[in-house]
Amino acid sequence: PPKDPDEGDSRIALLTRILPSALIDQEFTAERWIPIPGEVREAYARVGRPTPYRRAEALERRLGLKVHIYYKYEGALPVGSHKLNTALAQAYYAKQDGAEEVATETGAGQWGMAVSLAAALFGLKATVFMTRSSYNSKRQRVTFIRTYGATVYPSPSDITETGRKFYRPDHPGSLGIAISEAVEYVLSGERRRYLPGSVLEFVLIHQSVIGLEAIQQMPEEPDYAIGCVGGGSNFGGFTYPMIGMKLRGEGFSKTKFLAAESAAAPKLTAGEYRYDFPDAVGVLPLIKMFTLGHDYVPPAVHAAGLRYHGAAPSLSLLKRLGLVDAVAYRQEEVFEAAVLFARAEGIIPAPESSHAIKAALDVAKKLPPGSVIAFNLSGHGLLDVDAYERAHVA
Amino acid sequence: PPKDPDEGDSRIALLTRILPSALIDQEFTAERWIPIPGEVREAYARVGRPTPYRRAEALERRLGLKVHIYYKYEGALPVGSHKLNTALAQAYYAKQDGAEEVATETGAGQWGMAVSLAAALFGLKATVFMTRSSYNSKRQRVTFIRTYGATVYPSPSDITETGRKFYRPDHPGSLGIAISEAVEYVLSGERRRYLPGSVLEFVLIHQSVIGLEAIQQMPEEPDYAIGCVGGGSNFGGFTYPMIGMKLRGEGFSKTKFLAAESAAAPKLTAGEYRYDFPDAVGVLPLIKMFTLGHDYVPPAVHAAGLRYHGAAPSLSLLKRLGLVDAVAYRQEEVFEAAVLFARAEGIIPAPESSHAIKAALDVAKKLPPGSVIAFNLSGHGLLDVDAYERAHVA
Amino acid sequence: MRLPKPGLGVYITAQWPNSETFRSLLSSLDQVADFVEIGVPTTNPKYDGPFIRLSHREAAVKGLGALQGLDLPKNAVLMAYAEDYLGKFDALARAAAESGAVSVLLPDLLVDFPEALEEYVLAVRRNGLDPSFFLPSKFPYALAGRLASYNPLFLYIGLYAATGIRLPVYVERNIKIARQYAGDVYIVAGFAIDSADRARAIVGAGADGLVVGTAAMKILKERGLQQTLAFLAEIKEALRSLNI
Amino acid sequence: MRLPKPGLGVYITAQWPNSETFRSLLSSLDQVADFVEIGVPTTNPKYDGPFIRLSHREAAVKGLGALQGLDLPKNAVLMAYAEDYLGKFDALARAAAESGAVSVLLPDLLVDFPEALEEYVLAVRRNGLDPSFFLPSKFPYALAGRLASYNPLFLYIGLYAATGIRLPVYVERNIKIARQYAGDVYIVAGFAIDSADRARAIVGAGADGLVVGTAAMKILKERGLQQTLAFLAEIKEALRSLNI
């Protein structure tokens with residue numbers, strides 16, 4: 001469970017004022033299954049769910065191994081990543097609460113795009129606080145956030161007190177400041193809700209649509225199920241339904257679960273398991289997780305989505321219990337894997353998702369013929385051209 | 001049939017030295033059906049064919065009309081457009097000819113990306129001559145062409161005689177020069193083939209996979225089938241299978257076919273029907289088509305793919321025979337339609353494909369309740385951020 | 001031993017708000033409460049909400065010393081954080097037994113130190129106490145079954161994230177689910193129960209008992225002992241009327 | 001009238017390479033050819049390949065004047081571009097009839113002026129000629145049937161895109177398909193037939209006749225009349241040996 005810090009106002013109490021209420025209920029529910037509301041199911045269908053689950057036969061041939069490699073492709077969603085799964089659910093619940101507007105923060109912009117589209121589909125206004133450095137470098141996502149009808153501010157902005165406190169024209173911004181701005185923005189107006197993009201349990205619950213679909217689509221159970229980990233939502237979404245079945249003895253008895261993280265933010269392989277703030281500034285309740293410290297500053301890497309300092313509490317627990325293994329990769333080796341995959345399977349993978357590819361390749365080389373690997377390709381990289389451009393130059 | 005110009009070497013004879021031979025056969029085949037080779041079918045499956053055919057229910061609701069609107073979504077392919085359909089087939093046939101390398105020209109880069117990926121999937125080298133202005137402004141596609149392993153030169157380049165003739169550092173290039181460079185490159189080496197991206201009949205034949213799939217996927221026959229027209233390959237690919245059935249009395253008896261072109265290059269609505277060169281320089285055989293003249297210079301518009309001066313001969317003939325109607329749109333009204341579609345259906349449409357959306361909206365407003373519209377959404381716009389950015393600013 | 005059903009428990013931090021008021025409350029609780037939960041003051045009351053957190057800070061004596069010379073009523077359960085007593089569970093259980101408590105509840109045991117579960121059970125049993133367990137409302141079903149097999153005094157379900165902070169959570173559903181997986185074990189629910197209506201709803205959903213903490217302590221601090229007892233009596237009466 | 005099957009046709013541009021050689025060839029053709037196709041010289045031989053195109057340029061007299069005083073052999077068909085005679089089909093047909101031809105083939109009629117089809121048929125019939133039609137190898141099936149209903153002298157299938165330029169096209173397949181849709185109509189195939197083997201293959205695929213043009217004209221220009229006749233005789237012999 002989340003907890004409050006020693007000092008200051010209760011962050012837990014704050015949640016009730018900013019989050020859609022159904023999400024808080026989901027965060028604390030004892031239920032194993034939460035039905036997907038009809039409107040959310042319809043929205044999922046409209047944006048292309050179920051997403052494909054494909055066998056990477058050309059990749060297998062290039063590797064020259066007799067290992068079967070499958071991938072679930074969340075980049076098929078119109079924003080290009082799995083983030084839309086929870087954004088749609090959250091926007092729906094915000095609307096159920098009577099909200100007319102949602103707000104959030106975004107770094108590289110995946111989450112901001114997902115929230116903007118979800119808001120558009122449910123007829124809500126959206127306001128996005130985007131770290132200023134990304135606002136300047138990820139112009140594609142800024143543009144498409146606007147195309148979806150949302151308002152996007154570089155953070156620190158001059159429209160919140162927090163923003164004005166930090167504001168300098170050259171301030172690069174941080175996710176922590178952007179979160180604080182979004183929360184302040186929500187609190188300062190009527191009928192607004194804050195939508196968080198990862199880490200919280202309800203986010204992982206919403207993402208479990210990935211794994212639930214994949215289980216239906218799998219022609220064979222994998223020996224390894226692999227995903228990359230930023231906060232843990234795509235990994236959890238893909239693997240938890242399988243882990244659940246394994247724990248309940250309903251299948252996947254031989255399946256191992258492997259989390260691929262960035263060496264730039266190796267919380268699962270090198271972090272501490274303890275209470276920490278999920279945000280840099282400490283406006284949210286503490287959660288127990290593998291963390292590098294909420295003030296950890298990762299080196300700049302292409303996989304902006306993996307630079308997060310912690311891993312979702314449930315994922316951290318599973319890691320601690322030995323049900324999930326983790327491995328960290330440097331971006332150079334990840335990029336090689338990404339290029340190999342693109343040339344074999346056609347999809348330009350997101351830098352984040354490429355960590356899962358790299359892990360899959362490494363595992364494939366060690367497994368006996370006939371083994372099966374499944375990984376989650378959480379997004380495509382068509383909007384990460386800056387990463388690919390720098391990588392080619394390097 | 002194509003014909004040679006009065007003067008100079010036979011362009012028709014040239015074709016045999018640059019094109020994969022199976023493609024020439026297809027250009028002149030009397031067969032109604034050409035089987036898709038197994039390897040191409042496999043490649044189609046691997047890149048996500050069949051692509052979705054969806055009902056745009058949210059768009060219908062926003063329009064407040066009781067017209068059913070469906071779209072076929074070719075942007076689901078990994079390069080983001082329908083171009084991959086023919087690129088895969090052409091690369092396959094090039095390989096069948098013993099080729100080790102393929103070359104082509106590209107403007108905005110869609111075709112270059114498609115050829116690069118197709119070459120990668122079939123284990124061929126690829127060389128792309130990209131008009132210099134696009135090479136500088138469409139960095140995303142340049143980067144991804146490289147990611148797929150292809151070599152891309154800004155055209156005019158210094159590696160062909162043609163290129164050197166035109167070369168100045170500030171020369172913006174033209175498709176005509178780029179075609180000439182690609183053809184020269186193919187002729188100057190062993191085991192190379194040239195792959196053309198539109199206009200030729202075999203290109204439209206390959207694209208007919210779009211319409212053949214759509215016919216299987218349609219829950220109801222449309223009153224209107226709509227596509228945008230650059231050279232005609234996505235329009236023909238989508239509609240010809242339906243037009244064929246209509247002409248043979250096998251269905252689609254009430255269906256009208258509407259081509260949406262850009263007011264920047266209104267060949268079908270304002271062009272002449274005559275023999276003209278398909279390329280600006282005149283290296284290819286003359287073809288009979290609606291044309292604005294091969295030296296027509298369209299104004300700069302976002303929908304670079306629709307700036308072509310002519311329409312495929314078969315499409316031109318169908319237009320002349322009254323089997324296809326055409327309408328031309330200005331980019332401002334097209335962009336409005338694109339934004340409406342994005343906010344309703346989630347997909348950021350390519351500027352080209354947005355012409356089909358605009359036409360669908362216009363037709364929808366005129367049809368009685370219960371009518372059915374189907375259009376081809378030939379690509380997404382995630383790599384056209386410059387167009388969206390300029391449009392937002394405007 | 002067994003607690004009565006439905007049972008009303010009262011939580012209070014030892015020696016709070018001062019030694020005198022605390023003792024007065026303790027000696028009066030028999031009238032209105034079926035069991036009492038005594039918080040062992042700590043410097044780090046990590047799962048408590050702001051009000052109880054403050055009570056720990058205000059307690060003059062921290063740790064087991066706060067139990068010195070107390071005369072605990074029947075069915076008293078100590079509440080301490082496992083974190084403060086790692087490797088010293090035996091001493092903790094002995095002190096609890098000596099002060100007359102029947103169990104020691106460690107709310108962070110399963111969350112933060114699941115590996116210490118057996119050690120805890122052994123320590124309390126060795127000292128003649130029953131174990132009690134705390135579960136958050138989102139719990140592994142298999143764990144609930146395993147805990148039930150230790151035959152504890154109760155399973156304490158934390159309805160929300162922290163004491164005294166109500167969240168929009170459908171707690172009745174969670175209690176029902178806990179009931180399904182905990183078998184016959186006595187289920188106590190707690191966190192932010194501040195009215196007879198809430199108490200009725202929670203017992204109605206399947207809890208065997210509940211604990212009132214923050215709400216009673218606020219009244220004690222602001223309006224005195226008699227008002228506190230009256231408030232508790234009202235809840236007690238509400239439970240009795242359920243006729244379970 | 002009917003052409004023999006299998007039939008060998010020879011194409012030559014009128015008055016080419018010069019009036020004398022042309023007349024000599026014409027007078028010798030009866031030995032080796034079943035029919036002859038005479039090109040009416042034009043300034044814009046748009047569907048011809050480079051060699052025949054050059055022959056039109058080299059022809060001293062363009063247009064119908066080139067037919068003046070000619071003594072055409074039996075089964076002579078004029079080849080002219082519709083584009084040059086739009087609105088004057090009747091004059092064209094009359095000139096053809098006067099010079100002894102049995103038909104006039106307009107290769108661009110259906111491609112460029114499909115609306116003039118009826119006018120063409122009426123004009124040739126009015127002058128006692130049979131119509132002939134040119135189809136590219138990629139043709140609408142329904143059109144082939146419609147043309148057959150005019151009971152033409154022949155349907156001429158252009159195997160490739162232009163005369164004299166061989167492309168990697170599976171022409172045998174195309175002939176077979178044309179056969180299916182053209183019913184009993186006499187099918188002539190042409191473009192780039194330059195050897196006895198090709199001729200055999202094409203008739204074997206279902207063509208009733210074929211036309212040799214560029215190949216024979218090249219021999220005529222480079223090696224003279226006798227070699228040309230020898231080359232044609234070889235093809236004629238190949239066809240005869242098919243025993244159709």
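Excluded from the calculations below are hydrogen atoms, water molecules and symmetry mates; all remaining heavy atoms, backbone and side chain alike, are included. Chain identifiers are assigned alphabetically (A, B, ...) following the order of the sequence lines, protein sequences preceding nucleic acid strands; residue numbering begins at 1 within each chain.
Heavy atoms of L117(A) lying under 4.5 Å from chain B belong exclusively to its side chain. Contact of I347(B) with chain A is made through backbone and side chain together, with heavy-atom distances under 4.5 Å. For R62(A), the part lying near chain B is the side chain, with the backbone staying farther off; criterion is any non-hydrogen pair under 4.5 Å. Interface remark: R54(B) contributes side-chain atoms only to the contact with chain A (heavy atom separation under 4.5 Å). Interface remark: R343(A) contributes backbone and side-chain atoms alike to the contact with chain B (heavy atom separation under 4.5 Å). Heavy atoms of A76(B) lying under 4.5 Å from chain A are absent altogether.
Each of G75(A), A43(A), G381(A), P78(A) has some count of heavy-atom pairs under 4.5 Å with chain B, and the biggest count is that of P78(A). Your options are P52(B), A344(B), S116(B), and the one with the most heavy-atom pairs under 4.5 Å with chain A is A344(B). Put simply, of G149(B), A119(B), A118(B), the one with the most heavy-atom pairs under 4.5 Å next to chain A is G149(B). Contact tally against chain B (heavy-atom pairs below 4.5 Å) for A56(A), A58(A), A45(A): the top residue is A58(A). Comparing V339(A), V142(A), L84(A), I348(A) by heavy-atom pairs within less than 4.5 Å of chain B, the highest count is held by I348(A).
Of the inter-residue distances, the one linking T147(B) atom OG1 with F335(A) atom CZ reads 5.5 Å to the nearest 0.5 angstrom.
Looking at Q140(A) and Q140(B), their side chains come closer than 4.5 Å, going by heavy atoms from C-beta outward.
Pairing each heavy atom of L383(B) with each of L382(A), the nearest pair is CD2-O, 3.3 Å.
Ring geometry for H380(A) versus H380(B): interplanar angle under 30°, hence parallel rather than tilted (30 to 60°).
At distances below 3.5 Å, not a single donor-acceptor pair connects side-chain atoms of R46(A) with backbone N or O atoms of E57(B). Without hydrogens or angle criteria, Y148(B) side chain to G346(A) main chain gives a donor-acceptor distance under 3.5 Å.
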